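Note that this is a predicted model, so its numbers are computed, not measured.
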Amino acid sequence: AGPAPWVQHLVNTALYAADCALLFLVGRRFCSRRTAFAAACLFAVLPVHCSVVAYASERGELLLLLFLLLAWRELGRRRPRPWPGFLYYGLALASREQALLFPILLALQDWVFLRRRFWHPPRRWVHLSAAGMSLSWLVLGRWISGGAAAGAPDYFEGLSYPVRLLTMARFSLSHYAFPLVSGTGLQGDYARPFFPDSRPADLASWAVLLAAAVLLGWAIRGVLRQRSRYAFWTLFAFLLWLPESNLLGASAVLGSDRALFMPSIGYCFALAMAFSRVGMPWRAVAVLALLGWYGGLSAARNRVWADERRFQEEAARVNPHSKGLASLGISLLERGRKTEAEEILEEAARLGPGLSEPHFHLGKVLWDGGDPARAESYFKRAAELSPRDPDTRVFLGLIAEKTGRPLEAQARYEEALALRPGDTAAKYAYVRLLLRTGRAHGARPLLEEFLKLWPKDPDAPRARAALKSP
């Protein structure tokens, strides 16, 4: 079953605290202690990080940053320590593929902060080794996956690349840049249909794309010609956002809060550097005010993530699409709120006629409520949408048995057992049907298993009699 939820949350919180501490230690090389401390504090309270810390499945993001910072600490110094550095970098690569960009960041760091070219002899081998590790990992990953990523679902399937580019430009402004800076407007579900696609004739999207291109051009020029630290952190944020941007590959959703976790480092350091130019005491007032603002918003956001039902209700409110509503309906069903669950699942089935989950769970609600006729229609639809699901066949068998169609019920149970031979619910229903219809003589292994699992079942005497009969 795995560790208890509180243990998972404790581990994630500890990793996040370690990430923030390491961010301060690494950042001291690029700016003053006070500026690095302010940047680490800002990073610690950003509301966009709530989902990464709250979700146990996002631990890879926390581990990625931990090992990447450890590697940066060892390899980014003037006299690098190779063995621990490359060990940490290997662990970062094993955490997430975003780590593949580390050699580029390391080269940019040398150019801006150490004022050296990456091919400078004393550090050349560090860059070549890191680039070799990245390339080897990329080739190995593609070889192991066998191109499986090529069949991944694509949010922009069937749409042109300009539509993808324009939509992502507008989305990144309203749902990445604005929530990152303001701490508001966050949501847990970015599936269709909440954000409309941009059209090639959409002037506003072109304006946003042009502004982003100008900012990127400024950052590249600032790094290469002026060794600007502000430009470095801007380019840092862009590079770490790029793999999550939907521009280089396919993704089933338009975006996620997780996509801002690593890029937000660039935002925090650029902001802390800007604050360092303000004199005291106004600098302290501004930093403390922003920390209080972000901290309060993070506390409110964590209350949403602390409870599954509350999160699902929030997600369904912000983006009422089929999967989100289905998850909320199932959650309500598990809590015994069947009337509310039925209404929400019906809406989910209406919004997602091609999704099996709401149809299956609606069938369960109606079956438990004593309406087998309506339940059967939903179960049949779920069976069409999910032809490899044995649970749907079991329920269809139960309905057929209850409505006086034993042969059809037997066929349904046999279908379920063919899909999942070890299914105990299907075995139980199948053997009981055979016993009650007098067709159990040829099912000796199933009868023996039935008696072993359910020796006190009301049909157990029939099973023993069937085993004794020739």
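- Residues Leu173 and Phe178 fail the side-chain proximity criterion, which asks for heavy atoms closer than 4.5 Å.
- Remark: Ser182 engages Thr184 in a side-chain hydrogen bond (donor to acceptor under 3.5 Å, both in side chains) (not counting sequence neighbours).
- Between Phe238 and Leu242, the closest side-chain pair of non-hydrogen atoms falls below 4.5 Å.
- Not less than 6.0 angstrom separates the ring centroid of Tyr378 from the ring centroid of Phe360.
- The shortest side-chain heavy-atom distance between Ser198 and Phe171 does not fall under the 4.5 Å cut-off.
- The shortest distance between side-chain heavy atoms of Leu165 and Pro162 does not fall below 4.5 Å.
- In this structure, Tyr89 contributes its side chain and Pro84 its backbone to no donor-acceptor pair below 3.5 Å.
- The closest side-chain heavy-atom distance from Trp72 to Tyr88 is not below 4.5 Å.
- Side-chain atoms of Arg199 do not come within 3.5 Å of backbone N or O of Val163 as any donor-acceptor pair.
- Heavy atoms from other residues, nucleotides or ligands lying under 6.0 Å from CZ of Arg405 number more than 12.
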Leu65/Ile265 under side-chain contact (heavy atoms from CB on, under 4.5 Å): CA gap, chis, key distance, verdict | CA-CA 10 Å; Leu65 181 55; Ile265 296 172; 3.5 Å; yes
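- Residues that satisfy the side-chain contact (heavy atoms from CB on, under 4.5 Å) test with Trp454, not counting sequence neighbours, are Thr424, Tyr428, Phe450, Asp457.
- The ring-ring contact (aromatic ring centres under 6.0 Å, His included) test with Phe43 singles out one residue from Tyr267, Phe269, Phe261, Tyr294, and that residue is Phe261.
- Residues Leu180 and Ser264 are in side-chain contact: their nearest non-hydrogen atoms beyond the backbone lie under 4.5 Å apart.
- Formation of a donor-acceptor pair under 3.5 Å by the Asn246 side chain with backbone atoms of Leu254 is found in this model.
- Put simply, the side chain of Glu342 reaches to within 4.5 Å of the side chain of Leu366, judged on heavy atoms.
- Identified under the salt bridge (Lys or Arg N to Asp or Glu O under 4.0 Å) test for residues 88-103, with sequence neighbours left out: Glu58-Arg96, Glu61-Arg96, Glu97-Arg142.
- Contact check on Lys452 versus Glu449 returns no salt bridge, with no Lys/Arg side-chain nitrogen under 4.0 Å from an Asp/Glu carboxylate oxygen.
- Here His359 and Phe379 keep their ring centres 6.0 angstrom or further from each other.
- Using modelled atom types and a 3.5 Å distance limit, the side chains of Ser205 and Asp202 yield a donor-acceptor pair.
- At a threshold of 4.5 Å between non-hydrogen side-chain atoms, the residues Glu401 and Tyr413 count as touching.
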